[in-house]
Number of protein chains: 2
Amino acid sequence: MKDVAEIAGVSVSTVSRVISGKFAVEEGTASRVRSAILQLDYRPNLLAWGLRSRSGKFIGLVIPGIHEPFATMIGLLEEYVTRGGYSLLFGNTESGPEKENIFIDDLISRHVDGIVFSGVSEKSLALPKLAGTDIPIVLFDRVFNARENVVTVALNNEAAGRLAARYLVGLGHRRVATITGPPDLNLCKDRLHGFKDEVSRLGAALDERDIEVGDFSFDAGLKASQALFARKSAVTAVWAQNDLMAIGLMRGLASLGKRVPRDVSIVGADDIPFARMTVPSLSTVRQPFEAMCRQAVSSLLGYDDLSRSANRHFAFDPELVRRESAQSP
Amino acid sequence: MKDVAEIAGVSVSTVSRVISGKFAVEEGTASRVRSAILQLDYRPNLLAWGLRSRSGKFIGLVIPGIHEPFATMIGLLEEYVTRGGYSLLFGNTESGPEKENIFIDDLISRHVDGIVFSGVSEKSLALPKLAGTDIPIVLFDRVFNARENVVTVALNNEAAGRLAARYLVGLGHRRVATITGPPDLNLCKDRLHGFKDEVSRLGAALDERDIEVGDFSFDAGLKASQALFARKSAVTAVWAQNDLMAIGLMRGLASLGKRVPRDVSIVGADDIPFARMTVPSLSTVRQPFEAMCRQAVSSLLGYDDLSRSANRHFAFDPELVRRESAQSP
DNA sequence: TTGTAGGCGTTATCAC
DNA sequence: GTGATAACGCCTACAA
């Protein structure tokens with residue numbers, strides 16, 4: 001910038017003003033400055049800019065893995081974040097709390113302007129630490145009650161459970177099973193509660209022994225297929241709390257010689273890109289990730305307004321996607 | 001930091017020295033400083049640090065999408081990058097060259113310490129621009145000859161084609177087909193050449209009309225299933241140049257009533273996580289992404305050594321993964 | 001071993 | 001409308 005000023009024969013302040021465009025500069029000098037910028041291929045130094053303005057101009061993203069649906073989330077968030085003129089700094093905390101800790105410290109040190117947080121477990125060490133700072137946070141898909149002034153973006157999980165139940169029982173299934181995610185996650189409890197309640201409300205049966213506990217992985221679905229169907233079973237339909245487990249279940253059922261959906265109907269949750277690619281394609285309870293990510297980013301960018309408003313919790317309604325993996329028994 | 005110095009009763013330089021640990025500091029003062037740091041919950045400002053050291057302490061990643069296998073790449077690179085004490089700044093250039101341009105400018109402005117580049121097309125506008133800077137670059141999976149001193153990490157693509165051919169023909173297939181990626185990408189040409197050459201060398205047939213041109217997407221595979229098998233065909237095996245197209249092909253074949261592998265054998269490339277999840281599971285030519293990403297990062301971190309050495313191009317050998325989607329005809 | 005001073009590239013505040 | 005100057009938080013000669 002000093003060089004630019006020299007070439008254009010003006011002071012650095014004038015150069016700064018031309019660049020920002022927020023102040024009046026005579027057209028003649030302005031164009032001299034512009035051509036000097038071009039000539040030198042000058043680029044502003046965001047580090048220096050950030051130092052002065054106390055803003056790194058980026059958004060941090062904390063997620064517990066790169067598998068779906070997180071990969072989709074990363075893509076969506078990146079789009080909205082860059083569109084807002086920020087950059088995405090992302091960290092995978094799958095490997096444990098130490099990594100999470102390091103990453104959060106890094107985000108603070110870099111003066112991020114906001115964080116989208118979706119931790120592995122709900123008892124994360126990071127949130128209390130973040131509470132000490134003034135960094136805007138959005139909790140994605142995880143609902144805590146630790147911090148009062150935190151913004152929350154999540155699926156209406158109970159409704160998701162009810163939707164799956166209504167679909168399956170409506171199809172005519174009388175005896176259903178389910179595979180849950182990690183039980184320490186509130187969202188799993190909510191989904192299970194909605195599912196359970198709606199199933200019994202509609203007069204169908206969900207035996208306690210037909211509730212398998214998984215961890216949202218393909219292998220958990222595989223294992224559940226054994227637990228549920230290795231012996232003869234009266235269950236004709238299963239809801240898995242995410243697509244990956246549903247796909248694992250389908251895969252396991254194929255190995256067991258059971259046909260989907262003829263012998264067993266399956267419904268997943270999320271609607272990851274892969275759901276339409278399987279054979280049979282997977283019916284699922286869709287999470288509107290696009291709207292959710294958009295909301296997360298816009299909450300971050302207009303954070304102050306929100307923190308003063310009462311409405312800081314955004315619950316999105318799930319949507320049923322009918323494909324091939326479920327039918328009437 | 002000023003505050004820390006005040007509390008500890010020392011000067012800022014002493015605090016700096018304690019933090020860096022590179023200089024001798026008396027144990028007494030050092031511990032006073034440390035407790036002051038703890039007391040104030042002080043965190044160094046990476047923006048200021050970067051301004052002085054002219055290093056943002058991060059690595060940029062430019063990729064043409066978040067679908068597989070890029071999602072896996074992101075995860076792997078993030079791991080190696082953070083392990084080296086850097087952060088990952090990533091941008092998806094799927095939406096076009098303007099976005100790529102903006103992102104690259106941002107990376108330069110942020111003083112990234114290196115860039116892993118995997119563009120959509122090989123005629124990217126970004127490379128020439130980057131050539132003007134001294135930022136270390138690693139070209140991932142894309143081979144250009146634009147820049148002499150660029151580091152390259154890629155699969156041995158011709159070998160991948162040969163491997164697929166040997167496997168399929170070895171199984172007994174006499175008439176094979178293939179689906180390629182975008183023809184303007186060198187890697188696709190290389191894969192095709194290897195496949196073609198090896199097929200004919202082994203005395204099997206690959207008709208020109210049985211070479212479908214795709215774009216690495218699921219839908220391209222779907223379309224190819226129509227083009228190849230909607231009418232009666234003598235082809236009994238297909239190699240798709242990536243897994244996503246192979247999965248699309250399987251999906252299309254199922255809709256056509258053809259069974260895999262009984263009627264048609266299929267082999268993919270990449271070995272994305274989903275390859276083992278499909279029914280039937282997908283046999284494929286594996287790209288050793290882990291080793292490739294590790295190499296990319298370590299090339300970036302030790303760039304200077306490499307730029308002086310002759311060996312700046314790393315080609316990794318593919319590996320055959322036998323699963324269920326291919327068998328003898 | 002420790003302190004002082006200057007500068008990294010910006011922008012904001014004051015003069016002119 | 002424009003220029004000098006201070007300050008953001010850090011590091012590093014150089015001095016003490």
Side-chain angles (χ1 to χ4, degrees), chain A residues 1-34 36-37 40-58 85-87 105-113 133-135, chain B residues 1-37 40-58 85 87 105-113 133-135:
Chain A
M1 181 148 138
K2 214 171 54 190
D3 302 336
V4 175
E6 199 152 337
I7 296 232
V10 295
S11 74
V12 286
S13 351
T14 305
V15 177
S16 173
R17 286 193 262 259
V18 172
I19 292 174
S20 81
K22 286 179 183 171
F23 299 87
V25 177
E26 204 166 297
E27 187 44 39
T29 41
S31 69
R32 278 205 336 276
V33 169
R34 273 191 287 269
I37 287 178
L40 291 178
D41 194 31
Y42 163 82
R43 280 184 184 63
N45 183 331
L46 272 177
L47 260 25
W49 185 90
L51 177 59
R52 261 210 70 84
S53 59
R54 306 155 165 284
S55 150
K57 264 293 176 184
F58 30 50
Y86 292 75
S87 295
D105 275 339
D106 192 69
L107 291 181
I108 298 175
S109 282
R110 286 186 188 280
H111 284 258
V112 285
D113 301 281
T133 74
D134 57 350
I135 302 177
Chain B
M1 182 147 140
K2 214 171 52 189
D3 302 337
V4 175
E6 199 152 335
I7 297 231
V10 296
S11 73
V12 285
S13 25
T14 305
V15 177
S16 172
R17 287 192 262 259
V18 171
I19 292 174
S20 80
K22 286 178 183 172
F23 298 86
V25 176
E26 205 168 298
E27 187 42 40
T29 44
S31 70
R32 281 213 323 282
V33 169
R34 272 191 287 269
S35 65
I37 287 178
L40 291 179
D41 194 30
Y42 164 81
R43 279 183 185 63
N45 182 331
L46 270 178
L47 260 26
W49 185 91
L51 178 58
R52 249 207 78 76
S53 58
R54 306 153 164 284
S55 149
K57 261 296 175 184
F58 30 48
S87 295
D105 275 338
D106 192 69
L107 291 182
I108 298 176
S109 282
R110 287 186 187 281
H111 284 257
V112 285
D113 301 280
T133 74
D134 58 350
I135 302 177

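Computed from a predicted structure; not experimentally measured. Naming: A, B, ... by sequence-line order, numbering from 1 per chain.
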S.K.: For A/Leu47 and C/dG9, what is the distance between atoms CG and C1' respectively, to the nearest whole Å?
M.R.: 9 Å
S.K.: According to a strict under-4.0 Å criterion, is A/Trp49 in side-chain N/O contact with OP1 or OP2 of C/dG9?
M.R.: no
S.K.: Output the distance between atom CG (A/Asn45) and atom CZ (B/Arg54), rounded to the nearest 0.5 Å.
M.R.: 8.5 Å
S.K.: Hey, does the side chain of A/Arg110 reach the backbone of B/Leu46 with a donor-acceptor pair shorter than 3.5 angstrom?
M.R.: no
S.K.: Looking at CE of A/Met1 and CG of A/Leu40, how far apart are the two atoms once the value is rounded to the nearest 0.5 Å?
M.R.: 13.0 Å
S.K.: Can you list every pair that meets salt bridge (charged side-chain N to carboxylate O under 4.0 Å, His left out) and has a residue in residues 2-30 of chain B, with sequence neighbours left out?
M.R.: B/Glu27-B/Arg34
S.K.: What is the bend of the helix from C/dT1-D/dA16 to C/dC16-D/dG1 when you compare the axis at one end with the axis at the other, using five pairs each and rounding to 10°?
M.R.: 50°
S.K.: Without decimals, in angstroms, what is the distance between A/Asn45 CG and C/dT11 C1'?
M.R.: 13 Å
S.K.: Between B/Asp3 (CG) and D/dC10 (P), how many Å, whole number?
M.R.: 10 Å
S.K.: Just checking B/Val10: base, sugar-phosphate only, or nothing, at a heavy-atom cut-off of under 4.0 Å?
M.R.: sugar-phosphate
S.K.: Supply the atom-to-atom distance B/Ile37 CD1 to B/Ile7 CD1, rounded to the nearest 0.5 angstrom.
M.R.: 11.5 Å
S.K.: Which residues, if any, of residues 13-24 of chain B bring a heavy atom under 4.0 Å of DNA chain D?
M.R.: B/Ser13, B/Ser16
S.K.: Nearest whole angstrom, please: distance from the P of D/dA6 to the CG of A/Leu51.
M.R.: 17 Å
S.K.: Starting at atom NZ of B/Lys2, determine the distance to atom P of C/dT4, rounded to an integer number of angstrom.
M.R.: 14 Å
S.K.: Would you kindly give the CZ-to-C1' distance between A/Arg43 and C/dC8, to the nearest whole Å?
M.R.: 19 Å
S.K.: I need the CG-P distance between A/Leu46 and C/dG9, as an integer number of Å.
M.R.: 14 Å
S.K.: Regarding B/Ser13 and B/Ser11, do their side chains bring together a donor and an acceptor under 3.5 Å, going by distance alone?
M.R.: yes
S.K.: Between A/Ser87 and A/Phe58, is there a donor-acceptor pair closer than 3.5 Å when you use the side chain of the first and the backbone of the second?
M.R.: no
S.K.: Suppose we call a contact any N or O donor and acceptor under 3.5 Å apart; does that hold for the side chain of A/Arg52 and the base of D/dA7?
M.R.: yes
S.K.: Among C/dC8, D/dA4, C/dT2, which is the nearest nucleotide to the side chain of B/Thr29?
M.R.: C/dT2
S.K.: A/Ser53 near the nucleic acid: base, sugar-phosphate alone, or nothing, with a heavy-atom cut-off under 4.0 Å?
M.R.: nothing
S.K.: Drop me the distance from B/Leu107's CG to B/Ile135's CD1, to the nearest 0.5 angstrom.
M.R.: 7.0 Å
S.K.: Say you draw a straight line from OG of B/Ser20 to CH2 of B/Trp49; how long is it, rounded to the nearest 0.5 Å?
M.R.: 11.5 Å
S.K.: Nearest-nucleotide wise, let me know which of B/His111 and B/Val25 is further upstream toward the 5' end of DNA chain C.
M.R.: B/Val25
S.K.: Reading DNA chain C from 5' onward, which residue's closest nucleotide shows up sooner: A/Ala48 or B/Glu27?
M.R.: B/Glu27
S.K.: Provide, to the nearest angstrom, the distance between the CG atom belonging to B/Leu40 and the C1' atom belonging to D/dG9.
M.R.: 15 Å
S.K.: What nucleotide, of C/dT1, D/dC10, D/dG9, holds the atom closest to the side chain of A/Arg54?
M.R.: D/dG9
S.K.: To the nearest 0.5 Å, how far apart are CZ in B/Arg43 and CD1 in B/Ile19?
M.R.: 12.0 Å
S.K.: Counting any heavy atom closer than 4.0 Å, what does A/Met1 reach on the DNA or RNA strands: base, sugar-phosphate only, or nothing?
M.R.: base
